[in-house]
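Below: the structure, in structure tokens.
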Amino acid sequence: MKSDETLAQAIQHGDRSAVGELVTRHHGPLVGYLYRMTGEQRLLAEDLAQETFVRLLRSIHTYQYPRPFKAWLYALATHLARDHYKSADTQRTIALSVDFEIAADDLPEQQAILNDQSQRVAMAIHTLPPHQREAIVLRYYQGLSHAEIGAALHIPIGTVKSRLSIGLARLRELLEGIPHE
Amino acid sequence: MNEHKPQDIEADEALLHQLESWQAPSVTSESTARLILRLNAEFTSKMVTHRPQPNVLRRAFWLIWIQTRVIGQTLWIASALVLLLGAGVTLALREVSLGALPFVLIAPIVGMTGITFIYSAFSEPITELELAAPISPRLLALSRLTLVFGFNLVFSVLCSIGLALIDSQITLIPLIEAWLTPMALLSALSFFLSVFALDPLISIAISLTLWAILCLRHYLTDRLPFLTGLPNLLEVQWHGVIWLIVIALVGLALSWIGREEHWLRSAR
């Protein structure tokens, strides 16, 4: 199987079939990443993923083989997601904090929703500052290594580890006492 | 370099289990096909430029540059400080007629120590970078070696220039000749030993022992006559042989790195 880097190089040389192969490989995971980064907005995530690939294709001439392709792809996607949550951050932060307040009030309907572990995890991750959220999602949902995260976010590996460490500590606090099943 | 404990930066099983419960929706094959169609429509000859491969120099520079991300600042600072200390001691002992001897003794040790720690089997960021980057691990190791050796070389040359300017008894070229070849030999030896997964401290001990024997043979033969049986490798006529040994050690180490990393990648 050709590596992502070889396929990116093939696109630079005009090979259209390489576009299809790269998209097939990365479309699903990329939508998943953006879905998690945009507050579970599926349509928005799909739009941003599409925009990521379009931008990638338009800037393919800037790709330098053999730089890691995956880190480049996620750097572009992160950039788009940041643009999005910069504009929508205030509203979402307020909405999320309200959700957590309601949980404390123990309203039956809301409690039923919040008891759903998936929702609690999603909300916990969304309470993290964006830079920690990016590192956590890239590491634990996209499976990127520390070095790949560093390359995608343009930060040193030490900073990646700091963000993961602080982010995980915060998640442990938020999810403490919640059953695992 | 790494101040975080593994348990701080890795989620435990319970947390991983919780995280796994948050699933993202999967995309349909139709959605992916639509995207490919759109991208194919975007695909124009204008967009794609047949870029030539980055030239060798630019690529080499990039390879060396990315190594700075994984080599801690401590190494640079420590190397520079010890070399400065060596130069300072050399100047302080001018009256004792030692010439540039202290600096000649210290410079190869600094070079050797730096090289030992850049290829420690315990250096997780370095191993991780190698696994993440689609670049030959041999090239990565060679660029790292070039970076650290280059730094020590440049800094030692600067110190030598400083010594030669301050002390008129010291001549620059013989001074550089006196430390450069041993520095290359000890660096290559410690690189070789580190690659073969020896403990960094053992690697340093072996290299230091060799350096001590070479120095005793060269500088103290009159007091230690039993050493006369050994070749005086610090004599200029042996430099050619030493450089051949340096090339052989680095070559062997690089060839081993390829085999070792191939195993790591296949086990990943």
Side-chain angles (χ1 to χ4, degrees), chain A residues 3-5 11-14 16 19-20 23-24 27-28 31-33 35-36 40 42 45-46 49-50 53-54 57-58 60-61 64-69 71 117-122 125 136 140-141 144-148 150-151 156-158 161-162 164-165 168-169 171-172 175 178 180-181, chain B residues 1-5 7-29 31-40 42-45 47-51 53-54 58-59 62 66 68-70 72 124-136:
Chain A
S3 71
D4 291 346
E5 292 73 25
I11 299 173
Q12 287 183 320
H13 288 84
R16 279 171 190 253
V19 177
V23 171
T24 308
H27 186 214
V31 169
Y33 173 62
Y35 173 81
R36 292 185 171 103
E40 299 184 292
R42 181 180 179 152
E46 291 207 7
Q50 187 165 303
F53 279 112
V54 169
L57 195 57
R58 286 179 184 163
I60 193 70
H61 62 280
Q64 288 182 358
Y65 182 86
R67 290 193 180 195
F69 173 82
Q117 193 184 46
S118 163
Q119 288 298 309
R120 295 298 297 260
V121 170
I125 288 178
I136 295 278
Y140 295 105
Y141 291 100
L144 268 63
S145 67
H146 295 159
E148 285 173 327
I157 291 174
K161 290 183 175 180
S162 296
L164 286 174
S165 170
L168 284 175
L171 280 181
R172 284 189 188 103
L175 298 172
I178 296 174
H180 303 157
E181 296 297 334
Chain B
M1 188 191 307
N2 179 9
E3 294 164 3
H4 300 282
K5 294 174 188 167
Q7 63 266 32
D8 291 336
I9 54 168
E10 294 301 339
D12 53 78
E13 204 174 320
L15 184 58
L16 273 180
H17 195 74
Q18 287 180 311
L19 293 178
E20 275 169 16
S21 69
W22 186 28
Q23 292 295 318
S26 52
V27 293
T28 60
S29 52
S31 152
T32 304
R34 272 199 305 274
L35 176 57
I36 294 171
L37 276 178
R38 183 184 164 188
L39 293 172
N40 274 327
E42 290 263 347
F43 196 95
T44 64
S45 54
M47 181 186 301
V48 177
T49 55
H50 297 264
R51 279 173 59 86
Q53 282 286 301
R58 196 171 163 189
R59 193 166 174 218
W62 176 73
I66 59 170
T68 58
R69 292 168 66 98
V70 290
E124 181 225 342
I126 289 173
T127 310
E128 200 180 325
L129 180 71
E130 284 173 355
L131 291 172
I135 304 167
S136 154

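Every chain is numbered from 1, with letters handed out A, B, ... down the list of sequences.
- Heavy atoms of Val23(A) lying under 4.5 Å from chain B belong to its backbone as well as its side chain.
- Using a 4.5 Å cut-off between heavy atoms, Ser26(B) contacts chain A through its backbone alone, with no side-chain atom that close.
- Ranked by non-hydrogen atom pairs under 4.5 Å with chain A, the options Ala33(B), Ser29(B), Pro25(B) are led by Pro25(B).
- Checking side-chain atoms of Glu5(A) against main-chain N and O of Pro68(A) turns up no donor-acceptor pair under 3.5 Å.
- Counted by atom type alone, Trp22(B) and Glu40(A) present one or more donor-acceptor pairs between their side chains at under 3.5 Å.
- In this structure, the side chain of Ser165(A) does not engage the main chain of Lys161(A) through any donor-acceptor pair within 3.5 Å.
- In this structure, Val121(A) and Leu171(A) have side chains that are not in contact, with every pair of non-hydrogen atoms separated by 4.5 Å or more.
- Looking at Arg36(A), the atoms closer than 4.5 Å to chain B (heavy atoms on both sides) sit in the backbone and in the side chain alike.
- Heavy-atom distances place no part of Leu37(B) under 4.5 Å from chain A, backbone and side chain included.
- Neither the backbone nor the side chain of Tyr33(A) comes within less than 4.5 Å of any heavy atom of chain B.
- Counting heavy atoms from C-beta outward, Leu168(A) and Tyr140(A) have side chains that approach closer than 4.5 Å.
- Heavy atoms of Ile125(A) lying under 4.5 Å from chain B belong exclusively to its side chain.
- Applying the side chain to side chain contact (heavy atoms under 4.5 Å, CB included) rule to Ser31(B) yields the partners His27(A), Glu46(A), Val27(B), Thr28(B), Arg34(B); only residues at least two apart in sequence or on another chain are considered.
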